[in-house]
Asker: 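Following this message is one structure expressed as structure tokens.
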Amino acid sequence: METGSGMAAGVNLDHLNAAQLEAVTTTTGPVLVIAGAGSGKTRTLVYRVAHLIAEGVPPEKILLLTFTRKASQEMLWRAGRLLDETCNRVVGGTFHSVANLLLRRYAATLGYPSSFTIIDRADAEGIVNLLKSSLGLGKKEKRFPSRRVLVNMISGSVNRSIPLVDLVEAQYSHLLDHLDEICSLERHYHEFKFDHGLMDYDDLLVNWKRLLAESEDARRAIAGRFSHIMVDEYQDTNLIQAEIVRLTAFGHDNVMVVGDDSQSIYSFRGADFYNIMRFPKIFADTRVIKLEENYRSTQPILTLTNELIDKAEEKYTKTLFTRIAGELRPMLFAGRDDREEAAFVVATVKRLLAEGQEPQEIAVLFRSGFHSYKLELELAAAGLVYEKRGGLKLTESAHMKDMIAFFRLLCNPFDGLSWNRVFLQLEKVGPATAQKIAATVAAHPEPIRALAEYPAGKSWRESFAGLVRLFTDLDPEQQRPVELYARVRDYYQPVFERLYHDDYPKREKDLDQLPGIMAGYRHLQEFIDDTSLDPPEEAGDTAAGLARLVLSTIHSAKGLEFETVFVIGLAEGRFPHPAAEFGPGWEEERRLLYVAATRARKNLYLTYPRQLLTPDRQFRWVGLSPYLAELRPGLFVRVDGPDGEEQIRPVRPPPLAVPPTAGPGRHQRQELSDFVVGSRVSHPFFGNGVVTKLVGGRSLDVHFDRHGLRTLHLDYARLARI
DNA sequence: GCGTATCGCGTTTTT
DNA sequence: CGCGATACGC
């Protein structure tokens with residue numbers, strides 16, 4: 001193998017450091033790269049691809065799995081700069097999009113249904129809702145779980161690949177009385193999806209895994225297709241995804257995964273950062289490489305973020321350093337309310353723009369979508385254009401879903417949900433009638449014929465006939481997607497104007513965008529898949545390439561970086577999210593703040609309102625977010641508003657009154673008195689160690705054989721005596 | 001019982 | 001903005 005010189009068969013590896021170079025040139029066997037924020041994770045992966053291709057590995061044998069679509073696009077774009085068109089042949093994408101591809105390709109030959117439509121979360125909720133009412137579990141029943149909780153439970157049980165019953169017991173013990181109803185609901189939910197050829201996001205992964213695990217032919221076919229597998233953001237994978245990686249690498253173990261345990265923020269979706277820990281156990285002879293140099297932020301920013309994450313209870317010991325000079329300390333601003341907070345952001349943005357900063361290099365980040373409403377108003381008033389990420393997608397708006405429902409039906413006429421949607425658009429047809437027709441039509445072996453033969457009601461016969469005519473006219477085999485669009489739009493236009501009469505001109509812009517998007521597709525199915533898996537962005541002015549300021553939830557900003565970052569809403573009650581309980585949830589919120597702050601290259605502004613509007617329309621005085629309040633002073637500079645008399649008062653971080661059942665899957669509470677200094681204990685993350693000190697307050701110090709001294713808290717360190 | 005219009009309220013995070 | 005509740009008319 002050629003290293004050292006920096007040139008490997010034409011790829012210049014000069015600006016990788018020694019650790020990265022080792023990761024990149026390790027051409028066989030499993031590699032785990034533990035890398036801090038801004039340490040060049042993605043770059044390392046891109047170089048690895050380039051290196052492999054330069055060494056003669058066919059690009060189509062490389063599988064590159066990323067977590068978000070944006071990340072995979074960015075990665076392939078970067079690879080393109082090293083490799084020209086060769087990189088287009090690399091198989092890359094999110095777990096979900098690759099699952100879709102493979103299932104369509106292989107599922108049929110192996111006895112799984114290959115004709116399916118992908119449904120999003122809202123549709124899943126819709127089904128659950130439908131079933132709830134048909135099972136007689138009315139909304140009136142207060143003690144029965146809400147729709148949202150149910151959907152979370154159902155998808156959560158799949159995501160974590162644990163039986164629903166156990167999940168209810170562990171997390172929703174107050175629902176134990178309703179276990180039978182919930183289990184029957186889950187069964188009905190799966191039957192409904194199966195009967196209508198629908199797959200939710202979790203099904204994609206579960207079926208991919210089943211394909212690999214249950215059929216040797218499939219495993220051979222799929223695993224044999226790839227010789228090298230790479231996964232970015234490995235800490236965001238759940239158990240199913242980890243299994244998929246293991247099974248796909250079957251026979252060669254050429255896996256390189258990159259991850260940072262401090263950036264694990266997706267546990268609500270079943271992600272488990274212990275996957276990183278388990279990796280060396282699953283793959284023998286794993287090479288573990290640590291990247292600790294940060295190439296993104298200045299030292300003052302890094303000092304703050306290091307300290308922030310240092311307070312976390314469980315993490316790999318990893319202290320980032322940088323060689324980037326910079327004196328500017330992060331700034332903290334307290335506004336009287338969220339209006340004043342917004343005004344500060346607007347004024348500062350204006351100043352930065354005047355100083356010549358590019359708008360797309362400025363980002364405002366927040367915990368929840370609605371935290372930015374005030375700011376959006378202020379920005380609009382100041383005439384500043386912005387791009388909002390996270391929250392509602394273009395294809396999630398009602399009018400777009402209406403339109404797409406027609407196309408979905410052309411691909412999968414058994415899709416009862418879409419039928420329902422289409423019938424609801426008819427005048428004089430409401431939920432009850434729509435559901436009845438949809439059920440009849442979707443159950444028929446030839447749905448389109450069933451539609452034509454359906455006995456329409458008197459009051460809606462006319463409009464129903466129009467719908468029938470539309471479907472007999474449309475022919476997905478003969479007409480191109482754009483042609484289909486024209487015909488559907490003709491039908492939908494009057495419906496649309498009636499349904500959304502208050503604001504239809506605004507919504508119409510979205511519909512006009514569709515043909516442009518559809519023109520790029522030869523087959524309707526691909527268009528449908530892409531709109532479910534990768535919703536197109538709202539075009540607006542992007543076509544003109546107008547650079548815009550970025551407003552984003554922290555989750556959607558993951559993996560990105562900006563010259564200037566504002567993190568707003570850093571107040572008690574906003575950050576952490578009030579529902580985050582003491583324990584793992586609390587720690588995840590901390591990591592979330594860490595992710596937000598580490599997006600910044602040069603300028604970091606932290607802001608919060610001192611006053612918040614509570615649900616009961618009262619103003620409540622709130623303090624700084626506990627994560628910042630507990631930091632030692634001097635890490636940031638206060639640039640307070642007019643009445644900056646408030647001192648940073650330390651806030652006790654954990655609400656200690658929380659019941660001790662918080663620990664996941666634990667049934668008895670452990671007491672400090674259960675442990676004595678000198679006794680051996682074991683921890684799922686750190687391994688074995690010796691208790692060295694009982695700190696009090698339910699904390700104790702343990703010296704671990706492999707990880708040194710750690711302070712652990714009994715309420716969520718899963719500690720066992722041995 | 002069903003369909004439609006209107007008002008008021010609350011909003012985690014996402015593939 | 002999307003929803004649930006509510007009232008009204010068929």
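Each chain gets a letter, A, B and so on, in the order its sequence line appears, and its residues count up from 1.
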Asker: 5'-most contact on DNA chain B: A/His577 or A/His96, nearest heavy atom basis?
Answerer: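 Residue closer to the 5' terminus by nearest nucleotide: A/His577.
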Asker: At less than 3.5 Å, do the side-chain atoms of A/Arg367 and the base atoms of B/dT13 form a donor-acceptor pair?
Answerer: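 When only heavy-atom distances are counted, A/Arg367 does reach the base of B/dT13 through a donor-acceptor pair under 3.5 Å.
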Asker: Scan A/Glu588 against the nucleic acid and name what it touches under 4.0 Å (heavy atoms): base, sugar-phosphate only, or nothing.
Answerer: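 Result for A/Glu588 = nothing.
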Asker: Separation of A/Leu424 atom CG from B/dT4 atom C1', in whole Å?
Answerer: 12 Å
Asker: Under a 3.5 Å cut-off for both contacts, is C/dC8 paired Watson-Crick or G-U wobble with anything, and if yes, with which nucleotide?
Answerer: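 WC or wobble partner is B/dG3.
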Asker: OP1 or OP2 of B/dT14 versus the side-chain N and O atoms of A/Ser556: is any pair under 4.0 Å?
Answerer: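 The answer is yes; a side-chain N or O of A/Ser556 sits under 4.0 Å from OP1 or OP2.
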Asker: Contact class for A/Phe95 (heavy atom, under 4.0 Å): base, sugar-phosphate, or nothing?
Answerer: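 No contact.
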Asker: May I ask whether A/Phe268 stacks on the base of B/dT13, given the cut-offs of 5.5 Å between ring centres and 30° between planes?
Answerer: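 It does: the ring sits over the base of B/dT13.
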Asker: Tell me if a side-chain donor or acceptor on A/Ser267 pairs with a main-chain N or O of A/Gly270 at a distance below 3.5 Å.
Answerer: no
Asker: Just the rounded figure in Å: distance from P of B/dT14 to CD of A/Glu233.
Answerer: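 Distance, rounded to whole Å: 15 Å.
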Asker: Could you state the CG-P distance from A/Asp202 to B/dT15, rounded to the nearest angstrom?
Answerer: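 One finds 13 Å between P of B/dT15 and CG of A/Asp202, rounded.
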Asker: Determine whether a donor-acceptor pair (N or O, by modelled atom type, separation under 3.5 Å) exists between the side chain of A/Gln235 and the backbone of A/Asp260.
Answerer: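 Yes; at least one donor-acceptor contact below 3.5 Å.
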Asker: For A/Asp337, is there an ion pair with A/Arg610 - N to carboxylate O distance below 4.0 angstrom?
Answerer: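 A/Asp337 and A/Arg610: not salt-bridged.
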Asker: Go through the N and O atoms of the side chain of A/Arg269 and the base of B/dT13, and report whether any donor-acceptor pair is under 3.5 Å.
Answerer: no
Asker: Send over the distance from A/Arg121 CZ to C/dG2 P, rounded to a whole Å.
Answerer: 16 Å
Asker: Select one nucleotide: of B/dT11, B/dT15, B/dT13, the one nearest the side-chain heavy atoms of A/Ser368.
Answerer: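 Nearest to the side-chain atoms of A/Ser368, counting from C-beta on, is B/dT13.
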Asker: When you measure from the centre of the six-membered ring of A/Phe116, is the NZ or CZ of A/Arg104 under 6.0 Å away and within 45° of the axis?
Answerer: yes
Asker: Would you say A/Asn100's side chain and A/Phe95's backbone share a donor-acceptor pair under 3.5 angstrom?
Answerer: no
Asker: Please tell me which of A/Ser97 and A/Lys428 maps to the more 5' nucleotide of DNA chain B, matching each residue to the nucleotide holding its nearest heavy atom.
Answerer: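 The answer here is A/Lys428.
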Asker: Provide, to the nearest angstrom, the distance between the CG atom belonging to A/Leu499 and the P atom belonging to B/dA5.
Answerer: 9 Å
Asker: Which listed nucleotide (B/dC2, B/dT4, B/dT12) is nearest to the side chain of A/Glu589?
Answerer: B/dT12
Asker: Nearest whole Å is fine: how far is B/dT14 P from A/Asp236 CG?
Answerer: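 So the CG-P distance, A/Asp236 to B/dT14, works out to 13 Å.
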Asker: Tell me if a side-chain donor or acceptor on A/Glu341 pairs with a main-chain N or O of A/Gly569 at a distance below 3.5 Å.
Answerer: yes
Asker: From the options B/dT13, B/dT11, B/dC2, select the nucleotide whose nearest atom is closest to the side chain of A/His555.
Answerer: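 So the side chain of A/His555 is nearest to B/dT13.
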Asker: At under 4.0 Å, does any side-chain N or O of A/Thr553 touch on OP1 or OP2 of B/dT14?
Answerer: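 Result: yes.
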Asker: Separation of A/Asp200 atom CG from B/dT14 atom P, in whole Å?
Answerer: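 One finds 18 Å between P of B/dT14 and CG of A/Asp200, rounded.
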Asker: Could you state the CD1-C1' distance from A/Ile119 to B/dT14, rounded to the nearest angstrom?
Answerer: 15 Å
